[in-house]
Amino acid sequence: MKIATWNVNSVKARIDTVTQWLKDAAPDVVCLQEIKCMDDAFPRGVFEDLGYNCAVHGQKTYNGVAILSKRPLEDITCGLPGGEDDIHARYIEAVVSGDKGVIRIASVYAPNGNPLGSEKFIYKLGWMERLHARAAEILTYEEPAALMGDFNVIPTDDDCHDPAVWRNDALFQPQSQAALRTIEHLGWQDAFRACDATPHRYTFWDYQAGAWQKDHGIRIDFVLLTPQATDRLKTCSIDKRVRAWDKPSDHVPVIAEIDV
DNA sequence: ATGCCGACAGGATGTCGA
């Protein structure tokens with residue numbers, strides 16, 4: 001099963017790019033982030049015509065996540081547990097049946113958290129603690145599962161072009177890096193790093209200052225796998241071609257092949 | 001030291017992103 005994640009930076013503004021990529025890459029499951037629309041404005045019909053079922057947790061203007069799947073989506077849950085006052089649409093989880101078993105899939109859009117010292121940074125760290133709790137809960141199921149999405153954390157110096165540029169950014173703070181690392185240490189594997197140890201492989205390039213042309217990117221989009229999924233991991237790659245297409249998102253898809 | 005670019009809501013330009 002080919003599973004993927006992609007922060008599309010508005011599904012409506014990106015619909016032609018997204019459909020072109022779906023036809024080209026033909027993933028079985030895709031987690032989308034930053035769809036930036038309500039559920040009823042989601043272009044469900046376009047994806048259904050391409051053979052995908054849709055689970056959507058939308059929000060007007062900001063955030064919004066979805067899961068597209070060629071196979072039925074079951075046990076759909078919207079929202080990250082523990083956030084009764086949290087109105088941001090940043091998490092959706094579902095179960096997909098493969099040929100050889102089921103895999104639990106979550107589409108994750110972690111908060112940006114800038115600027116430092118603001119309520120936004122506090123919110124980022126609190127949200128990551130809630131994600132940690134859900135990640136720990138999923139591990140107890142002892143089943144193949146994937147947390148996929150835009151985690152808004154640059155894990156190491158090797159995941160950006162120049163660490164000095166990011167020193168005062170929320171994505172590069174020790175607390176942010178620790179939040180991601182603590183989830184990984186529960187037993188979640190960064191699928192890309194399991195397959196490719198090459199430094200300076202990026203999933204995001206800013207629209208500004210010629211970042212793409214200069215390869216000044218960051219790696220902040222991940223596929224995290226439970227041990228049961230990691231055992232079935234065949235490949236994981238970053239589809240950076242897409243960043244050079246017309247009207248690109250500033251993020252590119254990450255694709256993993258799992259033997260389920 | 002700051003903006004660069006782009007989407008959005010709304011109807012000008014401020015907010016947000018990373």
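Proteins get letters first, then strands, A, B, ... in listed order; numbering begins at 1 in each.
B:dT15 and B:dG10 are spaced 15 Å apart, taking the P atom of each and rounding to whole Å. For the C1' atoms, the distance linking B:dA18 with B:dT2 amounts to 16 Å, nearest Å. Comparing the C1' positions of B:dT13 and B:dA1 gives a spacing of 23 Å, expressed to the nearest Å. If you take atom P in B:dG14 and the same atom in B:dG3, they sit 12 Å apart, rounded to whole Å.
Taking the centre of each ring, A:His88 and A:Tyr109 stay at or above the 6.0 Å mark.
Between the CD1 atom of A:Ile35 and the C1' atom of B:dA7 there is a distance of 14 Å, rounded to whole Å. Here B:dG6 presents its P atom at 15 Å from CH2 of A:Trp212, a figure rounded to the nearest Å. What separates NZ of A:Lys214 from P of B:dC5 is a distance of 12 Å, to the nearest Å.
Salt-bridge annotation for A:Arg219 and A:Asp159: present, with a side-chain N of the basic residue lying under 4.0 Å from a carboxylate O of the acidic one.
Considering only heavy atoms from C-beta on, A:Val102 stays 4.5 Å or farther from A:Pro144 through its side chain. Contact annotation: the side chain of A:Cys236 approaches that of A:Val254 to within less than 4.5 Å [non-hydrogen atoms, C-beta and beyond].
At the phosphate of B:dG6, neither OP1 nor OP2 sits under 4.0 Å from any side-chain N or O atom of A:Arg14.
Under the 3.5 Å distance criterion, the side-chain polar atoms of A:Arg134 are left unmatched by any main-chain donor or acceptor of A:Arg130. A donor-acceptor pair under 3.5 Å is absent between the side-chain atoms of A:Arg104 and the main chain of A:Val95, judged by distance alone.
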Give me, pair by pair, the N or O atoms of the protein and of nucleotides 15-18 of chain B that are less than 3.5 Å apart, along with how far apart they are.
from   : atom 1 : to       : atom 2 : distance (Å)
B:dA18 : OP1    : A:Glu34  : OE2    : 2.9
B:dA18 : OP1    : A:Tyr109 : OH     : 3.3
B:dA18 : OP1    : A:Asp150 : OD2    : 3.3
B:dA18 : OP2    : A:Tyr109 : OH     : 3.1
B:dA18 : OP2    : A:Asn152 : ND2    : 3.0
B:dA18 : N9     : A:Asn112 : ND2    : 3.4
B:dA18 : N7     : A:Asn112 : ND2    : 3.0

